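The chains referred to below are lettered A, B, ... by the order of the sequence lines, with proteins before strands, and numbering in each begins at 1. Computed from a predicted model, the values in this text were never measured in an experiment.
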Amino acid sequence: MPHLTAFEGQVLKAASVIPFGETRSYAWVAAKTGRPKAVRAVGQALNKNPFPLLIPCHRVIAKDGTIGGFAFGVSLKKKLLVLEKEILKQFCQK
DNA sequence: TGTCCGCGGGTGT
DNA sequence: ACACCCGCGGACA
């Protein structure tokens, strides 16, 4: 747990709470941190993404549903979202 | 849709 | 203290 600022901690915390197969907006995360207008700062925090494997940062997308960006590539982010969606579907069927 | 501006926090200088 | 970066959001045309 490298030196994270309080704000970054809040962001990561909020992001880690996002349920599997679901998505939230940057504004949503920002609201969770108590800084509703700090959406850009949220993006920066997620971009740094100290724990890519622990934080579902790919579940955080823009409010209009578009992918803002992703540290490992937007295409991968899309794939991950689709993949989770598919997996979730499998669980519902079986 | 496309453009523009305000926004908060982190980091470098 | 200042400037610049950033995975945004909302307003407006």
Run the side-chain donor-acceptor check on residues 65-80 of chain A: report pairs under 3.5 Å with partners two or more places apart or on a different chain.
unit_1, atom_1, unit_2, atom_2, d
A/Thr66, OG1, A/Asp64, OD1, 2.7
A/Lys77, NZ, A/Tyr26, OH, 3.2
A/Lys77, NZ, A/Val60, O, 2.7
A/Lys77, NZ, A/Gly69, O, 3.2

Length of the CH2-P vector between A/Trp28 and C/dG9, whole Å: 14 Å

Shared hydrophobic cluster, A/Val29 / A/Ile61 (ILVMFWY, side-chain heavy atoms < 4.5 Å): no

Interatomic distance, A/Phe91 atom CZ to A/Gln93 atom CD [nearest 0.5 angstrom]: 12.0 Å

Rounded distance (nearest 0.5 Å) linking atom SG of A/Cys92 with atom CG of A/Leu88: 5.0 Å

Distance, nearest 0.5 Å, that separates CG of A/Leu46 from NE2 of A/His58: 11.5 Å

Anything under 3.5 Å between a protein N or O and an N or O of nucleotides 4-8 of chain C, put it in a table, one pair a line.
unit_1, atom_1, unit_2, atom_2, d
C/dC6, O2, A/Arg40, O, 3.2
C/dC6, N4, A/Arg40, NH2, 2.9
C/dG7, OP1, A/Asn47, ND2, 2.1
C/dG7, O4', A/Gly69, N, 3.1
C/dG7, O6, A/Leu46, O, 3.1
C/dG7, N1, A/Cys57, O, 3.4
C/dG7, N2, A/Tyr26, OH, 2.8
C/dG7, N2, A/Cys57, O, 3.0
C/dG7, N2, A/Val60, O, 2.6
C/dG7, N2, A/Lys77, NZ, 3.0
C/dG7, N3, A/Tyr26, OH, 2.4
C/dG7, N3, A/Gly69, O, 3.4

Interatomic distance, A/Gln44 atom CD to A/Asn49 atom CG [nearest 0.5 angstrom]: 13.0 Å

A/Lys32 vs A/Arg24 side-chain heavy atoms within contact, under 4.5 Å: no

Where DNA chain C forms stems, i.e. three or more consecutive Watson-Crick or G-U pairs with both distances under 3.5 Å: B:1-6 with C:8-13, B:8-13 with C:1-6

Heavy-atom side-chain contact between A/Lys48 and A/Cys57 under 4.5 Å: no

